[in-house]
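Just so you know, these numbers come straight off a predicted model, no measurement behind them. So you know, we letter chains A, B, ... as the sequences are listed, proteins then strands, and number each from 1. Just so you know, these numbers use all the heavy atoms, side chains as well, and skip hydrogens, waters and symmetry mates.
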Amino acid sequence: MSSKDEAATPTNFIRNRILKELEAGQYEEIVTRFPPEPNGYLHLGHAKSIVLNFSLAEEFGGYTNLRFDDTNPAKEEQRYVDAIKEDVAWLDYQWKNECYASDYFETLYEYALHLIDNGLAYIDGQDADAIREQRGTLTEPGTPSPDRDRDPAESRELFERMRAGEFEDGQYVLRARIDMAAPNINLRDPVIYRIRHKAHPRTGNDWCIYPSYDFAHGQSDAIEHITHSLCTLEFEDHRPLYDWLIEHLPVSSRPYQIEFSRLNLDFTVLSKRRLTRLVDEGFVDGWDDPRMPTIAGIRRRGFTPDSIRNFCAEIGVTKSESIIPFGALERNLRDDLNVRAPRRMAVLRPLKLVLTNFPEGETDWVEAANHPQDPDMGTRQVALTRELYIEQDDFMEEAPKKFFRLKPGGEVRLRNAFIIQCDEVIKDEAGNVVELHCTFDPETRSGQPGADRKVKGTIHWVSAEHAVKAEVRLYDRLFKVPHPGGDKERDFVEHLNPDSLEVLDHARLEAGVETARPGEFYQFERLGYFVPDPDTTPEKPVLNRAVTLRDTWAKLEKQLRQG
RNA sequence: UGGGGGAUCGUCUAGUGGUAGGACUACGGACUCUGACUCCGUCAGCGGGGGUUCGAAUCCCUCUCCCCCAGCCA
């Protein structure tokens with residue numbers, strides 16, 4: 001393997017560990033799982049986990065299960081299950097088994113009985129407040145529950161009656177009997193079963209007692225013969241409990257939990273709790289709002305699965321907490337789309353331009369390459385007429401020296417067509433520029449001999465007659481500050497960017513783009529990458545700008561303005 | 001001030017006793033009918049202090065800072 005290939009296969013501490021284990025012959029195959037709770041949509045943080053789990057199993061010839069951690073019917077819904085499956089599939093990963101923690105409720109119940117019978121769990125009749133008070137604090141040990149030494153036979157009977165529905169919510173809980181003085185609070189007799197008279201999306205009313213996360217997760221891993229159970233850092237101090245349960249239960253395999261740091265992106269939030277609030281309180285237009293860092297959101301925005309996967313490979317996997325610039329994600333999209341997106345012309349904010357020496361009523365069809373570096377993508381004919389639209393930004397009446405676009409008396413090339421000169425600037429009463437009168441140089445038609453006269457700038461345009469009106473939605477960062485979730489003084493929603501969505505109603509597209517469907521993408525030259533929104537129709541096209549092109553001019557202009 | 005983690009260029013990340021490397025960003029340049037792409041180049045780092053060693057990002061001591069944990073959430 002060349003050094004370049006090695007660089008293309010980034011490694012990480014988990015992969016290194018597996019490599020060693022494999023070398024030592026500890027595993028036949030690597031089995032991982034992606035275990036979302038179906039209580040919300042997947043976001044980019046989940047994407048990191050998905051890519052990690054699937055790529056590890058794939059590399060080492062194993063497989064990955066999709067497992068829904070559905071142990072809390074109070075929060076979970078089928079629609080989230082459906083959305084999650086769609087998102088994982090969209091990322092182009094195939095799970096081996098579709099599993100549910102709820103599939104294991106019967107086994108888990110038996111495991112609980114096993115603990116009870118061995119004096120390792122007991123039924124506590126206290127309420128939540130009492131249990132909390134007895135848990136102690138970070139610096140003081142807990143105090144034992146009065147029920148801690150309940151006879152196992154009695155606990156068993158109570159547990160069976162819990163299952164039978166004889167008690168109310170909260171009346172009893174099952175607790176593991178570990179160590180009330182443990183410095184790790186998770187070991188101070190954690191609750192492992194609670195009563196919830198609530199229909200479960202999958203098991204309906206079969207159960208009224210449900211296992212806690214801690215009691216379900218590791219055992220589910222064991223049942224599925226997961227070898228490496230990867231999760232985020234906040235579960236690190238659950239690992240002793242994870243191990244304790246595995247060791248004290250008659251499970252059929254021995255999974256290991258390994259923790260890595262979760263993904264953070266600047267100028268957004270990546271916690272399901274916060275994202276849920278944005279949706280529920282109407283700050284965004286739903287889970288798939290293109291401004292949301294959800295898989296559904298960025299998909300609608302125009303991101304590709306490859307760009308997400310590449311991004312996840314690029315950021316690596318460690319235990320140190322990090323915040324990745326949102327721009328890193330965008331660059332991956334550009335890199336992907338640059339290669340694949342056909343080029344088109346579109347004008348976002350139209351300024352009328354009349355070619356005064358162009359015959360009225362005629363159309364000149366100019367040839368345009370669909371991709372400057374990829375001739376295989378072919379060419380197309382674009383209509384050039386006397387009346388055109390150009391971008392408002394591409395004309396300046398009083399232009400700085402570095403402005404290479406159109407200015408009074410100046411010359412510029414119309415992309416794929418002629419060099420034109422600006423002869424006259426038409427204004428309204430208020431002094432706004434409303435129209436430009438220009439002449440074109442017939443000798444400079446693109447592709448013709450002698451057309452290679454150099455001018456500084458090239459601008460895009462569309463034919464006023466042929467272009468199609470469209471709505472274009474531009475997206476900016478959702479928040480105004482880099483770390484909206486890190487402000488302890490203020491609610492994160494106070495940092496929302498009021499200008500995160502800009503809707504342009506008068507954009508004009510090169511003819512043909514109006515029939516594109518979601519999932520197709522274009523580069524509008526000099527503007528960025530655009531995809532049709534699900535709202536689009538041929539009669540009223542709606543396009544999303546997924547990401548701009550890199551814009552050196554904008555940067556220069558900003559510097560000029562700031563001196 | 002209990003327990004568990006973490007600290008390497010601006011950012012992310014390699015490196016577990018032998019010249020701190022890569023990617024991104026930034027900056028400079030080349031090219032250009034996209035101020036895109038591409039190409040070339042430059043800047044830039046081991047949290048602090050001790051110690052061991054011929055030699056320390058790596059081992060030891062110590063200090064500092066950051067994150068997580070007191071749900072019948074996951």
What is the nucleic acid contact for [X], judged by heavy atoms within less than 4.0 Å: base, sugar-phosphate only, or nothing?
{"X": "A:Arg405", "result": "base"}
{"X": "A:Gly447", "result": "base"}
{"X": "A:Asp127", "result": "base"}
{"X": "A:His238", "result": "base"}
{"X": "A:Phe235", "result": "base"}
{"X": "A:Lys488", "result": "sugar-phosphate"}
{"X": "A:Pro372", "result": "base"}
{"X": "A:Gln523", "result": "base"}

How close or far is atom [atom2] of [N] from atom [atom1] of [X], stated in whole angstroms?
{"X": "A:Ile14", "N": "B:rA14", "atom1": "CD1", "atom2": "C1'", "value": "16 Å"}
{"X": "A:Lys454", "N": "B:rU34", "atom1": "NZ", "atom2": "P", "value": "9 Å"}
{"X": "A:Asp179", "N": "B:rG2", "atom1": "CG", "atom2": "P", "value": "17 Å"}
{"X": "A:Arg550", "N": "B:rU25", "atom1": "CZ", "atom2": "P", "value": "6 Å"}
{"X": "A:Leu406", "N": "B:rG35", "atom1": "CG", "atom2": "C1'", "value": "15 Å"}
{"X": "A:Asp124", "N": "B:rG71", "atom1": "CG", "atom2": "P", "value": "15 Å"}
{"X": "A:Leu42", "N": "B:rA74", "atom1": "CG", "atom2": "P", "value": "17 Å"}
{"X": "A:Lys407", "N": "B:rG35", "atom1": "NZ", "atom2": "C1'", "value": "13 Å"}

A:Ala128 or A:Leu556, whichever maps to the more 5' nucleotide of RNA chain B: A:Leu556
A:Ala417 or A:Gln126: which one's nearest nucleotide on RNA chain B is closer to the 5' end? A:Ala417
Nearest-Å distance once atom [atom1] is located in both [N] and [M]:
{"N": "B:rG28", "M": "B:rG47", "atom1": "P", "result": "31 Å"}
{"N": "B:rU19", "M": "B:rG5", "atom1": "P", "result": "31 Å"}
{"N": "B:rC12", "M": "B:rG45", "atom1": "C1'", "result": "13 Å"}
{"N": "B:rC59", "M": "B:rC54", "atom1": "C1'", "result": "16 Å"}
{"N": "B:rG17", "M": "B:rC46", "atom1": "C1'", "result": "15 Å"}
{"N": "B:rA20", "M": "B:rU8", "atom1": "C1'", "result": "8 Å"}
{"N": "B:rU42", "M": "B:rC9", "atom1": "C1'", "result": "14 Å"}
{"N": "B:rA26", "M": "B:rU11", "atom1": "P", "result": "15 Å"}

Do the rings of A:Tyr210 and A:His200 sit parallel, tilted or perpendicular, given the 30° and 60° boundaries?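 Because their plane-to-plane angle is under 30°, the rings of A:Tyr210 and A:His200 count as parallel.
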Any donor-acceptor pair under 3.5 Å linking the side chain of A:Arg343 with the backbone of A:Ala341? yes
Counting N and O atoms only, with roles assigned by atom type, does the side chain of A:Arg161 sit under 3.5 Å from a partner on the main chain of A:Gly165, one being a donor and the other an acceptor?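 Such a contact is absent between A:Arg161 side chain and A:Gly165 backbone.
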Does B:rG71 fall in syn (glycosidic angle within 90° of 0) or anti? syn
With the sugar-phosphate defined as primed atoms, P, OP1 and OP2, and the base as all remaining atoms, what B/S/- string results for nucleotides 40-45 of chain B, 5' to 3', for protein heavy atoms under 4.0 Å? ------
At under 4.0 Å between heavy atoms, how does the protein contact nucleotides 7-13 of chain B? Give one character per nucleotide, 5' to 3', with B, S or -. ----SSS
Return yes if the base of [N] and the side-chain atoms of [X] contain a donor-acceptor N/O pair under 3.5 Å, otherwise no.
{"X": "A:Asp551", "N": "B:rG35", "value": "no"}
{"X": "A:Gln134", "N": "B:rA70", "value": "no"}
{"X": "A:Arg331", "N": "B:rU25", "value": "no"}

Any side-chain N or O of [X] below 4.0 angstrom from OP1/OP2 of [N]?
{"X": "A:Arg132", "N": "B:rG71", "value": "yes"}
{"X": "A:Thr552", "N": "B:rA36", "value": "yes"}
{"X": "A:Lys456", "N": "B:rU32", "value": "no"}
{"X": "A:Arg194", "N": "B:rA74", "value": "yes"}

Against the six-membered ring of A:Trp207, is A:Arg163 placed for a cation-pi contact (under 6.0 Å from the centre, within 45° of the normal)?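 Judged by the rule, A:Arg163 and A:Trp207 form a cation-pi pair.
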Is the terminal nitrogen or CZ of A:Arg344 (NZ for Lys, CZ for Arg) located under 6.0 angstrom from the six-membered ring centre of A:Tyr522 and within 45° of that ring's axis?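 Output no; distance or angle outside limits.
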Will you find, in the side chains of A:Ser212 and A:Arg194, an N or O donor that is under 3.5 Å from an N or O acceptor? no
Checking A:Gln257 against A:Glu259: is there a side-chain donor and acceptor pair closer than 3.5 Å?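 Distance-only check passes for A:Glu259 and A:Gln257.
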Hey, which of A:Arg148, A:Arg135, A:Arg177 is the one that makes salt bridge (Lys or Arg N to Asp or Glu O under 4.0 Å) with A:Asp189?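 Only one of A:Arg148, A:Arg135, A:Arg177 forms a salt bridge (Lys or Arg N to Asp or Glu O under 4.0 Å) with A:Asp189, namely A:Arg148.
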Between A:Glu234 and A:Arg262, does any NZ, NE, NH1 or NH2 come within less than 4.0 Å of an OD or OE carboxylate oxygen? yes
Do A:Leu115 and A:Ile192 touch side chain to side chain, with heavy atoms closer than 4.5 Å?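 A:Leu115 vs A:Ile192: side chains touch.
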Want to know the stems of RNA chain B: at least 3 consecutive Watson-Crick or G-U pairs with distances under 3.5 Å, which are they?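 Output for stems: B:2-7 with B:64-69, B:10-13 with B:21-24, B:26-30 with B:38-42, B:47-51 with B:59-63.
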ring centroid sep under 5.5 Å plus plane angle under 30, A:Trp553 with B:rG35: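 Here the ring of A:Trp553 and the base of B:rG35 are stacked, with centres under 5.5 Å and planes under 30°.
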